[in-house]
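As the structure is a computational prediction, the values presented were derived from the model and not from experiment.
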Amino acid sequence: MDPETDRPKDRFRLDGRFALVTGASKGLGFACARRLAQSGCKVLLVGRTAKSLDDARLLLSAEGLSVETAVCDVCDLDGFAALVDGLERLDILVNNAGGNRPGPFLNVTRKDFDQIIELNVRSLFFASQSALRKMILLGIKGAIVNMSSQMGHVGSPNRTVYCTSKHAVEGLTKALAIEAAPFGIRVNTVAPTFVRTFMTEKFFENEQFSEFVHSRIPLGRCATPEDVADAVLYLVSDAASSVTGTSLRVDGGWTAQ
């Protein structure tokens, strides 16, 4: 073991690597892209609107971070596959794009169901397929991180479709980790509890909802975007070189009960 190359902080460095982060213009995706770039990785931010991506790029560039942007809807499977095919290198894929439409089970429409499954499961499945093909083609021992949720491990009222989608992500991750392992490619999930972002803030305006969430978290607080980004950094770094097919729960103890 070389003491000069095995220092703990060096295990988290990503110098020379290239990452693609979906849903990266705001919230969790932006935090993940920022953390990877801070660790020396060149990052491609992917999102649906040029304006929000440009805003994100300017913020990160002002910090001296190396980032690029690409407008692409992950639900456009052919478009995303073409984007990945055109990359010169791909070491890391963070499948962050996702969504939710909370509501009672009896009120769920087929349209709501189809749209959430398409975004949270179908697009993630085929994005991973495109990335895995690229990594294998290039001979890169890369890493894929799928953004899951504590709802991928438990149930909750008014979230039947979301729980369905995130349980599917957890199952896909385990199966894909086994298939990708012979190529030296690792696949894991990060499963956060509720995170205060622009997307979730409206939910916390409901006092009953806010009290319910905090009552379920033994640590007494929601995760921050940076908490989640740190977990992603760990899983894509050499510090997690023997970790695959697992779920890192950033949930404050929610699922420990």
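Separating the CG atom in N146 from the OG atom in S128 is a distance of 4.5 Å, to the nearest 0.5 Å. Taken from OG in S25 to CZ in R57, the straight-line distance is 13.0 Å, to the nearest 0.5 Å. In this structure, CD1 in I185 is found 10.0 Å from OG1 in T244, a value given to the nearest 0.5 Å. Separation of atoms OG1 (T22) and CG (D73) is listed at 10.5 Å; rounding is to 0.5 Å. How far NZ of K166 is from CG of N120: 4.5 Å, rounded to the nearest 0.5 Å. If you take OG1 on T193 and CD on Q150, they are separated by 4.0 Å, rounding to the nearest 0.5 Å.
V84 has its side chain within reach of L90: a pair of non-hydrogen atoms, C-beta onward, lies under 4.5 Å apart. V243 places a side-chain heavy atom less than 4.5 Å from the side chain of T246. When side chains are defined from C-beta on, L87 counts as touching L44, because their heavy atoms get closer than 4.5 Å. A heavy-atom distance below 4.5 Å is not found between the side chains of P192 and D227. Inter-residue side-chain proximity for L235 and V190 is flagged as met; some heavy-atom pair is nearer than 4.5 Å. T164 has its side chain within reach of I117: a pair of non-hydrogen atoms, C-beta onward, lies under 4.5 Å apart.
A salt bridge does not link K134 to D85: none of the charged side-chain nitrogens sits closer than 4.0 Å to a carboxylate oxygen. A salt bridge is absent between R110 and D114; no separation between the charged side-chain nitrogens and carboxylate oxygens falls under 4.0 Å. A salt bridge does not link D238 to K141: none of the charged side-chain nitrogens sits closer than 4.0 Å to a carboxylate oxygen. Taking 4.0 Å as the cut-off between side-chain N and carboxylate O, E226 and R35 do not count as a salt-bridged pair. Salt-bridge formation is detected for the pair R34/E63: a Lys NZ or Arg NE/NH1/NH2 atom is positioned less than 4.0 Å from an Asp or Glu carboxylate oxygen. D15 has a carboxylate O that lies under 4.0 Å from a charged side-chain N of R13, or vice versa, which qualifies the two as a salt bridge.
Annotation: ring pair (Phe, Tyr, Trp, His ring centres under 6.0 Å) contacts involving residues 9-31, sequence neighbours excluded, are absent. Applying the ring pair (Phe, Tyr, Trp, His ring centres under 6.0 Å) test to pairs two or more places apart or on separate chains, those with a residue in residues 168-196 are F194-F209, F194-W254.
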Next item on the list: Test E118 against S123 for side-chain contact (heavy atoms from CB on, under 4.5 Å), laying out the working first.
Entry: CA-CA 6 Å; E118 179 182 28; S123 70; 5.7 Å; no
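In the model, H214 has no side-chain atom that pairs as donor or acceptor with a side-chain atom of R221 under 3.5 Å. Side-chain atoms of N188 and S247 form no donor-acceptor pair, as typed in the model, at a separation below 3.5 Å. Using a 3.5 Å distance cut-off with no hydrogens or angles, the side chains of S148 and T189 do not pair a donor with an acceptor. Side-chain atoms of Q115 and R101 include a donor-acceptor pair closer than 3.5 Å.
Annotation for Q208: atom CD does not count as buried by contact number, only 12 or fewer foreign heavy atoms lying within 6.0 Å.
Remark: R196 qualifies as a cation-pi partner of F204 under the 6.0 Å distance and 45° angle criteria applied to the six-membered ring.
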